[in-house]
There are 2 protein chains.
Amino acid sequence: MTHGSVEKNIPDILRGAGMRPTRQRVALAELLFAKGDRHLTAERLHEEAVGENVPVSLATVYNTLHQFTQAGLLREVAVEGAKTYFDTNTSNHYHFFCEQDGGILMDIQTDELFVQGLPEPPDGMAVSRVDVLVRLVEK
Amino acid sequence: MTHGSVEKNIPDILRGAGMRPTRQRVALAELLFAKGDRHLTAERLHEEAVGENVPVSLATVYNTLHQFTQAGLLREVAVEGAKTYFDTNTSNHYHFFCEQDGGILMDIQTDELFVQGLPEPPDGMAVSRVDVLVRLVEK
DNA sequence: ATTTGTGCAAATCGTTTGCATCTGA
DNA sequence: TCAGATGCAAACGATTTGCACAAAT
C-alpha cells in the first residue's frame, strides 16, 4: 500500500476514470483520499475545502462526488432521510451509525460480521449489494 | 391472528396509544393496516387517502405517520436520500429494495436471513437495531 | 479552438412548522 | 369547554439544474 509501481498520482487516476484533472477535482481527491478511510457529506467536504483555501462551489462538490462514485472511487451510504454520506472505502464492508453529533459512521469489516442465508431474489432480479447498518444509541 | 379476544378495533388501538381517534387518524390507520404488510411513503399514502375520498392534508399524513411510528405501530425504513418509507410490519425483519418504479421494498423474514458476528459496539454505545437492505437490479 | 468543467443563483423535492380554525371527549 | 388535531401556506435543508464564464486539451 505504501510502495509499489501500481501507485498512481491523482491526476492519473482521474484521467484513468475519463475525467480531466482540474484544480477542483484534484484538490477534492486529495482531501478525500489523503487521510485513510473517511465518511463525508458533501457539505462537510465543501467546508473542509474552503477551510483549506480550496475555493470550490458546493455544486461542484456534488458533481465531483457523484463522478467519483460512478468511477468507483467512492461509495454512497444511505442512512436516513436527507443527507448522503460518501465513503472512501469501496471494499465490501458494513457500518455502525450513531445519531450523536449529527450522525457518525464507522466501518465494520466483513471479517467481523457477515450475512448468512441470503434468500433468492425475486424473478428477473439480481443482488447488486447488501447493506448492513448497525444503529447505535448511547447507553 | 384472525380471531381471539386480544383483537382491538382501530379507535381502541389509537386510544391505547394515547391518541384521539379522529376521522383522519382512523381513516389512515384503516388504509395502512387493512391490507397486510405494506411499505408506503407519506406521499403515496396521501394520494391513496385522497383517492378514497378521505380528504386529509399531507401535513397531517406526516404527523400521523410519525405518531404511529412513536406508538410502535409502524417502523421507518431508510433507503436512500430524501424519501422515507413506513413499514406496517414492525417485527424484526429485513428488506429487498429495487429502484424499479421509483423504489419498491419487500420483506425478508429473519428466519431466511440473519446476521452473524455482530461486533462489540464502541464504548458507551449499545446496538439499537440492525438494518439489512439487499439491493436488487434487473437482470 | 473546442470541449469540458465551474460557479452562481434559482429551482426542486421531500419534509416540517406556524398559526388560525375546527373537533372530540 | 378547551386541550388537542387539522389544514394551509410558508419555511426548510439537502440536492440539482440552467446558463454564462473559465480552463484544459
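Residue numbering restarts at 1 for every chain, and letters A, B, ... go by the order of the sequence lines.
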Sugar-phosphate only, base, or nothing, as touched by A:Thr41 at under 4.0 Å among non-hydrogen atoms: nothing
Those residues that, when tested against B:Arg129, pass salt bridge (charged side-chain N to carboxylate O under 4.0 Å, His left out) (two or more places apart): B:Asp131
hydrophobic_cluster_shared for B:Leu118 and A:Phe114, side chain cutoff 4.5 Å: no
Toward the 5' end of DNA chain C, by each residue's nearest nucleotide, B:Arg23 or B:Ala42: B:Ala42
Interface with DNA chain D, restricted to residues 50-64 of chain B and to heavy atoms under 4.0 Å: B:Pro55, B:Val56, B:Ser57, B:Ala59, B:Thr60
Boundaries of the chain A footprint along DNA chain D (any atom under 4.0 Å from a heavy atom): D:dA14 to D:dT25
Set of side chain to side chain contact (heavy atoms under 4.5 Å, CB included) partners for A:Asp107, sequence neighbours left out: A:Asp37, A:His39, A:Asp87, A:Asn89, A:His93, A:His95, A:Gln109
Considering all heavy atoms, the nearest B:Ala42-B:Val61 contact: O-CG1, 3.6 Å
Salt bridge present between B:Glu48 and B:Arg38 (N-O < 4.0 angstrom): yes
Touch class at under 4.0 angstrom, heavy-atom based, for B:His66 against every strand present: sugar-phosphate
Upstream residue (5' side of DNA chain C) when B:Tyr85 and A:Met19 are each assigned their closest nucleotide: A:Met19
Qualifying side-chain hydrogen bond (donor to acceptor under 3.5 Å, both in side chains) pairs, either residue in residues 64-75 of chain A, two or more places apart: A:Arg25-A:Gln67
Validation row: A:Thr84, A:Val77 side chains within 4.5 angstrom (heavy atoms): no
Boundaries of the chain A footprint along DNA chain C (any atom under 4.0 Å from a heavy atom): C:dT3 to C:dC8
B:Leu32 side chain near B:Phe68 side chain, heavy-atom distance below 4.5 Å: yes
B:Val56 and B:His46, any side-chain heavy atoms less than 4.5 Å apart: yes
Shared hydrophobic cluster for A:Val130 and B:Leu136 (ILVMFWY, side-chain gaps under 4.5 Å): yes
